[in-house]
Amino acid sequence: MARHGLLKQLAGDLSFLDSTPFAKLLDSCARSKSACHTRRVHARIIKTQFSSEIFIQNRLIDVYGKCGCLDDARKVFDKMPEKNTFTGNSIICALTKSGFLDEAVKIFGSMRDYDQCTWNSLVSGFAQHDRWEEALECLVKMRREDFVLNDYSFGSALSACAGLRDLKMGIQIHALISKSRYSSDVYMGSALIDMYSKCGSVTWAQRVFDWMEERNIVSWNSLISCYEQNGPASEALDVFLRMMDCGLEPDEVTLASVVSACASLLAIKGGVQIHARVVKRDKFRNDLILGNALVDMYAKCGRINEARWFFDRMPIRNVVSETSMVSGYAKAASVKAARLMFTKMTERNVISWNALISGYTQIGENGEALSLFLLLKRESVCPTHYTFGNLLNACANLADLQLGKQAHSHVLKHGFQFQNDEEPDIFVGNSLIDMYTKCGSVEDGWRVFENMLERDHVSWNAMIVGYAQNGYGTEALGMFRKMLASGEQPDHVTMIGVLCACSHAGLVEQGRKYFHSMTEEHHLVPLKDHYTCMVDLLGRAGHLDEAENLIERMPMEPDAIIWGSLLGACRIHRNITLGKFVAEKLLEIEPTNSGPYVLLSNMYAELGRWSDVVKVRKLMKQRGVIKQPGCSWIEVKGHVHIFLVKDKRHPKWKEIYRLLNSLIKQMKKAGYVPDSCDHEAHEEQSDSELTSFYIKTMPQDAAAG
């Protein structure tokens, strides 16, 4: 009302003694950000004696800038016959706000005089538009020219350090703040916590918080967010409880961070309590960021139905809400629901694509994951390191070396350096090593490892395990020694690879040494997997009694895998007494598993104890245990052909069996006698493998059928 009254007065009386009424009216326009009213006031000013006054023209430039009318601000600036420092400050502020930073620098260079405000406008402008290096360069120049740094200077500089993750520069600015009159300023303390948080220094963030004489909601939120983003997430919840004890009321930022911490911890109970608090407060119910955090929390905690219930009742949704649902469905193995949600999304980002691709790889639908990647490329979505991690995982699961090499070429085209930078992509290199070793190409895996700019313990583990799994035991142990020499500490996965390598290479004494070194040198408590490797190592070498004693001394209950490994060793070394004992142990754990029965039957057959073979077979029938049939498969021109014993599902089955009968006759003529240890298993394997052989040798157009 006051603004309209003043406009009416201006319309009737233009004979003011000074420009103060116009200045007040422009202040009102700036507060309301009304471009229309600003232009009306400007039109009146032009008709007065104040039209060329520097003070009122500076105010016009400033208000036009605040209203987003940069062209109007430029016109006023360009027509001014005289300019001063405040003129330059006003236009620089308008330009930096609109993102025209280079033009602002040009005007700065043409100014004869500038002040603290001029420098602050540049530092702030660069920081706000993510040109962080230039923001810090301006700050350094400002200080070099003996201008006093104030809270605006420090705030923008800390924002730039946070953006660059430049902890070293952040500490230097902290030192300057501690020497200034802003050392106890609550807003400066909050900005320091935020900077240390984004630079990953939780310790320093906590120290700043502890040193603060006064704290507000922003200070608490900054520390809670620090722990939520950097960990441990449990500390975020502890800080939140301390904040509540201090009598501070949380806002939507607090609650969103706490909900995200609950999601990281899978703390559904805490998440539900926060949800209850949200429901009770009207101002929180429609907050999009908090709503997205709740959907994500329920989805990550495996409560996909609750996530969907809340999602359906959100008054406003965006790509983040929908992506959380896609990710939640994918993790819950409801890939069809995830795909349906993905298809209905009006806007998708690369995170949405990554969530769906990851979902398909998790349930073993690797071909569909690869198809989605191709669709992503066709839609010109730029893949991230997470995309390539999932893509390479799919190639590894398929053990398809050609596809893996094509994926590698995409990785190279996107310029990944395999290093821990601002956006760490070192795990893409690790995924490449894993893919190549799983596809049997250890040499290619080694080349990737050698060319990585940086390596972490996962890189070393991938090579050690890769060598071990492919039978290169000596090379795996050599890699382990290099790892120790580099200063990288082994973990449980490393030691599984090392023990597996010893097993494949038959290095019993070294295996014993490495197993004991876990606790004595590396302070690692052996897990069940490590005992399994040792039992396998000792069993292969014929140390059956030692393997049995090791199982008996285990601090945890042995599972079917450990007993199965020992039973396999008993068969190889024909120890029927121990074999029978181990088989009984196995049947206690898995009474319906046909494996122990078959192995025990084979052991009796090898010793010619046919009556015992019959007893085992009868026992299987009595207990309703069914032996799984043998299976073989072969890939021809990208199509996989799968065969079971006596299989008649293949379109060329008649031709296949004709060839099989012919081959069997030729084998018998040549004097082939089947192994008597398990006639049934041998017959199944022979049938399916010969079928695969037939497919491999038949004409390609027929095989494609």
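Just so it is clear, the values below take in all heavy atoms, side chains as well, and ignore hydrogens, waters and symmetry mates.
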If you take all heavy atoms of Gly200 and Asn230, which pair is closest and at what distance? CA-OD1, 3.6 Å
On a heavy-atom basis, which atom in Ser222 and which in Ile193 lie closest, and how many Å separate them? CB-CG2, 3.6 Å
Would you list the atom pairs, donor with acceptor, under 3.5 Å between side chains in residues 370-378 and any protein atom, with sequence neighbours excluded?
residue : atom : partner : partner atom : Å
Ser371  : OG   : Gly367  : O            : 3.1

Residue [X] excluded, over 12 heavy atoms near [atom1] under 6.0 Å:
X: Leu167; atom1: CG; result: yes
X: Leu288; atom1: CG; result: yes
X: Arg181; atom1: CZ; result: no
X: Glu213; atom1: CD; result: no

Do Ser153 and Leu139 have side chains that approach each other closer than 4.5 Å (heavy atoms only, starting at C-beta)? yes
Is it true that a side-chain atom of [X] and a backbone atom of [Y] form a donor plus acceptor pair closer than 3.5 Å?
X: His129; Y: Ser98; answer: no
X: Thr96; Y: Cys93; answer: yes
X: Thr254; Y: Asp251; answer: yes
X: Ser159; Y: Gly155; answer: no
X: Ser358; Y: Ala355; answer: no

When you look at Gln489 and Thr494, which way does the side chain to side chain contact (heavy atoms under 4.5 Å, CB included) test go after all the steps? CA-CA 9 Å; Gln489 289 301 307; Thr494 319; over 6 Å; no
Residues 297-305 side chain polar contacts: donor-acceptor under 3.5 Å, at least two apart:
residue : atom : partner : partner atom : Å
Tyr298  : OH   : His275  : ND1          : 2.8
Lys300  : NZ   : Asp296  : OD2          : 3.1
Arg303  : NH1  : Glu306  : OE2          : 3.4

Residues 333-341 side chain polar contacts: donor-acceptor under 3.5 Å, at least two apart:
residue : atom : partner : partner atom : Å
Arg339  : NH1  : Tyr360  : OH           : 3.1
Arg339  : NH1  : Glu368  : OE2          : 3.2

Stepwise side chain to side chain contact (heavy atoms under 4.5 Å, CB included) check, His385 with His414: CA-CA 9 Å; His385 36 304; His414 282 79; over 6 Å; no
Any donor-acceptor N or O pair under 3.5 Å, side chains [X], [Y]:
X: Asn292; Y: Asn318; result: yes
X: Ser178; Y: Ser183; result: no
X: Tyr227; Y: Gln206; result: yes
X: Asn430; Y: Asp456; result: yes

Set of side-chain contact (heavy atoms from CB on, under 4.5 Å) partners for Thr118, sequence neighbours left out: Thr85, Asn89, Ile92, Phe108, Met111, Tyr114, Asp115
With sequence neighbours left out, write down each residue that passes side-chain contact (heavy atoms from CB on, under 4.5 Å) with Asp130, or none if nothing qualifies. Trp132
Would you give the length of the straight line joining atom [atom1] of [X] to atom [atom2] of [Y], rounded to the nearest 0.5 angstrom?
X: Asp151; Y: Met188; atom1: CG; atom2: CE; result: 5.0 Å
X: Glu322; Y: Ile351; atom1: CD; atom2: CD1; result: 13.0 Å
X: Arg455; Y: Glu488; atom1: CZ; atom2: CD; result: 10.5 Å
X: Ser225; Y: Lys198; atom1: OG; atom2: NZ; result: 7.5 Å
X: Lys438; Y: Ile433; atom1: NZ; atom2: CD1; result: 12.5 Å
X: Asn393; Y: Thr361; atom1: CG; atom2: OG1; result: 5.0 Å

Quick one, Asn354 with Asn390, criterion side-chain hydrogen bond (donor to acceptor under 3.5 Å, both in side chains). Give me CA distance, side-chain angles, the key distance, then yes/no. CA-CA 8 Å; Asn354 288 347; Asn390 287 319; 5.0 Å; no
Classify the ring geometry between [X] and [Y] as parallel (under 30°), tilted (30 to 60°) or perpendicular (over 60°).
X: His174; Y: Trp211; value: tilted
X: Trp119; Y: Phe147; value: tilted
X: Phe154; Y: Tyr182; value: perpendicular

Using the ring centroid of each side chain, check whether Trp220 and Phe209 are separated by less than 6.0 Å. yes
Validation row, ring centre Tyr386 to ring centre Phe427 under 6.0 Å: yes
After noting the C-alpha distance and the side-chain angles of Thr387 and Thr384, does the key distance pass the side-chain hydrogen bond (donor to acceptor under 3.5 Å, both in side chains) rule? CA-CA 5 Å; Thr387 319; Thr384 65; 3.3 Å; yes
Please test Met314 against Val295 for side chain to side chain contact (heavy atoms under 4.5 Å, CB included), starting from the C-alpha separation and ending with a verdict. CA-CA 10 Å; Met314 286 177 72; Val295 171; 3.7 Å; yes
Any chance you could lay out the side-chain hydrogen bond (donor to acceptor under 3.5 Å, both in side chains) test for Asn216 and Ser219, step after step, and finish with the verdict? CA-CA 5 Å; Asn216 60 12; Ser219 321; 2.8 Å; yes
Starting from the C-alpha separation in whole Å, work towards a yes-or-no answer on side chain to side chain contact (heavy atoms under 4.5 Å, CB included) for Val105 and Leu122. CA-CA 8 Å; Val105 171; Leu122 284 175; 4.2 Å; yes
I'd like to check the ring pair (Phe, Tyr, Trp, His ring centres under 6.0 Å) partners of Phe126; sequence neighbours left out, ordered by chain and number. none
Can you tell whether the side chains of [X] and [Y] come within less than 4.0 Å, N to carboxylate O?
X: Asp245; Y: Arg242; value: no
X: Arg285; Y: Asp282; value: yes
X: Asp287; Y: Arg281; value: no

What verdict does the side-chain hydrogen bond (donor to acceptor under 3.5 Å, both in side chains) test give for Ser197 and Asp194, after you've listed the backbone C-alpha separation in whole Å, the side-chain angles of each residue and the deciding distance to 0.1 Å? CA-CA 5 Å; Ser197 169; Asp194 181 67; 5.5 Å; no
If you draw the axis of the six-membered ring of Phe284, does the NZ or CZ of Arg277 fall within 45° of it and under 6.0 Å from the ring centre? no
